[in-house]
Amino acid sequence: MAVLQLNQIFTGLLSGLIPGKLQSRGLLEILALFPIQHNSRSQFVPPLQNLKLVAVPDYGKMTFRNTTSKGLLILPMHIGFFQDGAQNHATSRAMVLDAQEDLTATDCFCIQETQGGLLDEANQRFIVLPLGLRPRAFVERDEEDFSRLWIHIENYTRKFGVSKSGHLERFIRPYFPKLQTFRHAFETEPGQIGAVYFIAGQLVGIEVAPNPEYWQDLWPILLIYCYGPEVFLAENLQSKSARTAMDLYYIEDLEDLRHELRSSRRTDLKARIKLVDELSAFEWKHEVDRIQHKLRIVNLEHQEWAGQMVQKDSEILYLSLFRNK
Amino acid sequence: MNAELLRKYLKMHRKHITEYQDATVVHKELCQSQPEFYMELLKNNLTHLSHKQEIFLNIISLSCNSLAGPQTAKIVTFLQALPIEQSLQLIDILPKIKVNCSRIRNLGMNYLLGHESFATLAATKSLRIQRLLKHFLGERTWSACKRFLKNPGTHGKKFLHHKLWRYANNIETTHEALCFLAKVPYKTQEPLLTKSLAARKSLEQGKGLPLDTLFGLRGTLHPSTLASKVRSLAASISRINIKDNPLTTLYKEVLSTNITQAEHYDRLPACLDHAVKNLPIMDQKVAIILDISSSMASSGERSQHPAGLGLALTRILQKQFPVTSLYQVGGTDNLVEAAFAFPQGQTDLASALLEAVSCKPDSVMFITDGYENTRQGDVADVVTGMRQLAINTPIYQIVPLFTHTEDLTQRTLSADIEVITIAHETEISDLFAHVLLEQTQDVSPDKLQLCKQLLTRS
């Protein structure tokens, strides 16, 4: 189980959560999040095994099914599906599906501009839109023009030197081997239900799942498709790592070295927790987007931040917050 | 023998020779001081081809220029004992650098025509063999040979005997193979030659020949045949170039199924005994830092490979180094008490290193995939600090790999740590050789013999 670091319990938006260890690799740092009190919330099923794409009735529309016989499925925000020979699609918001329920979302995005054809029924893995596209996808939710993200995809993929037009797969396919290394470089702890993401020391996203099983499904997808690409962009911009290097000038024995290691780690952890704490304490603009199965899907906005959460009363079950840089 | 020389060689032998500035000097000195031992290094499967070619050239140049080195017949026998592809890769260097004195010709012809698989070589690698024959005999002599193979006559028979048959292991088979290479009509008994000959007329008749051979024939004689058709005709080869050794197999089996059964515990001692066969018991005190964090589980076709191999290597080291201390990073169970542990948790290698060096071991061995994340760079800083405190304990990073082609540029813990990649548990002998040569000035004959055993163990 998580070790409570610096006795910190978040207040405000993230109340009920405590930070775990900070992991870092290159420019990306991830702070684990744990619930204060263990609650299995077993009524919420993990998405990979239980989400089925049933049909794409028309461009911009997707029908999903929660295949489990018992339990609610929270569909994460901005998930996308790739298939050969069909127009790839992505969702624009979080949704909640009851057991065996079919739900059609009519405000989805096409993410493969010049490809014709509709996606087939499939129990397949999904992606999450890259961080750089998510603020735009959030703004464009609830509209029914399936082509509305193409221009933003084009602008985004151009930053990676990928040929123009609104084709997300033209960026993901060649970069996939590099993106996949993030999945191996970071790890989850038992009981972990979320994480905070920092790139070059800047807080860029917070993700929370209803339970550890759900998080196990979601975290590699977020790392590979959502936050990984942003790291490449930061590297291209020659951003510097925010890691506090160990000061070896005064060490005289192994004990000093051990102390220096702990101290530099603590400095980093403290600084990152402070950023999260400040963000959590913001006066967030709440707006209930819709209520599904007695759960509230709430839009959150504050300055350059946006996202959605799924709430039961005041309890956060799912949260996805991202920064518009 | 100077241990430093051997240490330098061990450090570089898996990478391309051009990556090290003084590589050729090291090779020359090794060759001069221990030519017999030096030649044996060709048997190491992990050595990079560029080093093998350098060894080969040094050996034959020593043989040509002095009586000290191994004689031609010995080199030929040695080459013929190596796997065909490996020995051909060595011989290939001779035309490339245009070496062709009489001794080289003698060596090359003895190797080729004296090879018991010469007919197979001719049938499957005909262009390569023709190029070598042309080089060793000279273009005009090879032309004359072809002419005389067609119409021998008395003079021709003498000529062929002098130029070819005296090198042959089996004159009849060699005759068939040479006629095949010279495109001289001849009734062949060798099934592969017959098949290859038939494939010249129709590619379908070459069904079962190696893929490269079929693609070669397609390029020259059947350019309109589809590549997919060629692939379907080729002898099937496994795409997965890995076959785990028993101990790794056992660990992977347990980790993949997530279940430990009595049968697994029963099999463990026998698998471990098999794994340590021919490995010496070492008297050094080592600290093993085993990373069994989540990333060691890996995914896809590599699933559980790093963890399984890592556990196997740990057990081998524990058995052969009686004085070991184990520091475990991550994992579900404590491996001091339990036989198995499943990957879990984060990778805090720096704290484990500090703990390990405080017990003053002779060497520290990290067994890790190199995905340090608490925090990346901490191990490098700790090692810098250790060196600053004059703690010069040798440290190794042993990376359990699925294939040696994996890119490790982002996965090395520190520039001051020697990285040893291992894809099969048998390759651990390379690490033993490193440890054997630690803190030694001179290598005694006994140690040299042991080192040879370790470096040529398969």
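For the numbers below, each heavy atom of this structure counts, side chains included, while hydrogens, waters and symmetry mates do not. Keep in mind that what you see is a predicted model, and the values were worked out from it rather than measured. Here is the naming used below: chain letters follow the sequence lines, and residue numbers restart at 1 for every chain.
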Taking [atom1] in [X] as the centre, count heavy atoms belonging to other residues, nucleotides or ligands within less than 6.0 Å. Is the count above 12?
X        : atom1 : value
B:Arg387 : CZ    : yes
A:Asp84  : CG    : no
A:His259 : NE2   : no
B:Glu19  : CD    : yes
B:Gln410 : CD    : no

For the residue pair B:Gln388 and A:Tyr249, what are the closest heavy atoms and their distance? NE2-O, 4.3 Å
Which heavy atom of A:Thr188 sits nearest a heavy atom of B:Ser294, and at what distance? O-OG, 3.7 Å
Between [atom1] of [X] and [atom2] of [Y], what distance do you get to the nearest 0.5 Å?
X        : Y        : atom1 : atom2 : result
A:Ser264 : B:Arg375 : OG    : CZ    : 3.5 Å
B:Thr384 : A:Leu257 : OG1   : CG    : 9.0 Å
A:Leu254 : B:Met386 : CG    : CE    : 7.5 Å
B:Asn373 : A:Gln23  : CG    : CD    : 4.0 Å
A:Gln180 : B:Ser299 : CD    : OG    : 5.0 Å
B:Thr347 : A:Arg25  : OG1   : CZ    : 9.0 Å

Decide side chain to side chain donor-acceptor pair (under 3.5 Å) for B:Gln376 and A:Ser24; before the verdict, give the C-alpha distance in whole Å, the side-chain angles of both, and the deciding distance to 0.1 Å. CA-CA 6 Å; B:Gln376 186 183 21; A:Ser24 77; over 6 Å; no
Only counting residues at least two apart or in another chain, list the ones meeting ring pair (Phe, Tyr, Trp, His ring centres under 6.0 Å) with A:Phe10. none
With a 4.5 Å heavy-atom cut-off (strictly below), which parts of residues 321-328 of chain B touch chain A? List them by number. none
Measure from the side-chain N and O atoms of B:Gln344 to the backbone N and O of A:Pro190, and report whether any donor-acceptor pair falls under 3.5 Å. no
Could you tell me whether a side-chain N or O of B:Gln346 sits under 3.5 Å from a main-chain N or O of A:Glu187, the two making a donor and an acceptor? no
In terms of heavy-atom pairs under 4.5 Å, which option from B:Thr374, B:Asp348, B:Asp369, B:Asp378 contacts chain A the most? B:Asp378
Min side-chain heavy-atom separation B:Ser358-A:Arg258 under 4.5 Å: yes
Heavy atoms, side chains only, cut-off 4.5 Å: are A:Met246 and B:Val382 in contact? yes
Is it the side chain or the backbone of [X] that comes within 4.5 Å of chain B heavy atoms, both, or neither?
X        : result
A:Glu255 : neither
A:Asp253 : backbone
A:Arg183 : side chain

Is any NZ, NE, NH1 or NH2 atom of the basic residue among B:Asp381 and A:Arg243 found under 4.0 Å from an Asp or Glu carboxylate oxygen of the other? yes
Relative to chain A, which segment of B:Leu389 carries a heavy atom at a distance below 4.5 Å: side chain, backbone, both, or neither? side chain
What ring pair (Phe, Tyr, Trp, His ring centres under 6.0 Å) pairs are there with at least one residue in residues 328-365 of chain B, not counting sequence neighbours? B:Tyr251-B:Phe340, B:Tyr265-B:Phe340
Sorted by chain and residue number, the salt bridge (charged side-chain N to carboxylate O under 4.0 Å, His left out) partners of A:Arg323 (sequence neighbours excluded) come out as A:Glu304
State whether a side-chain donor-acceptor pair under 3.5 Å links B:Ser351 with A:Arg265. yes
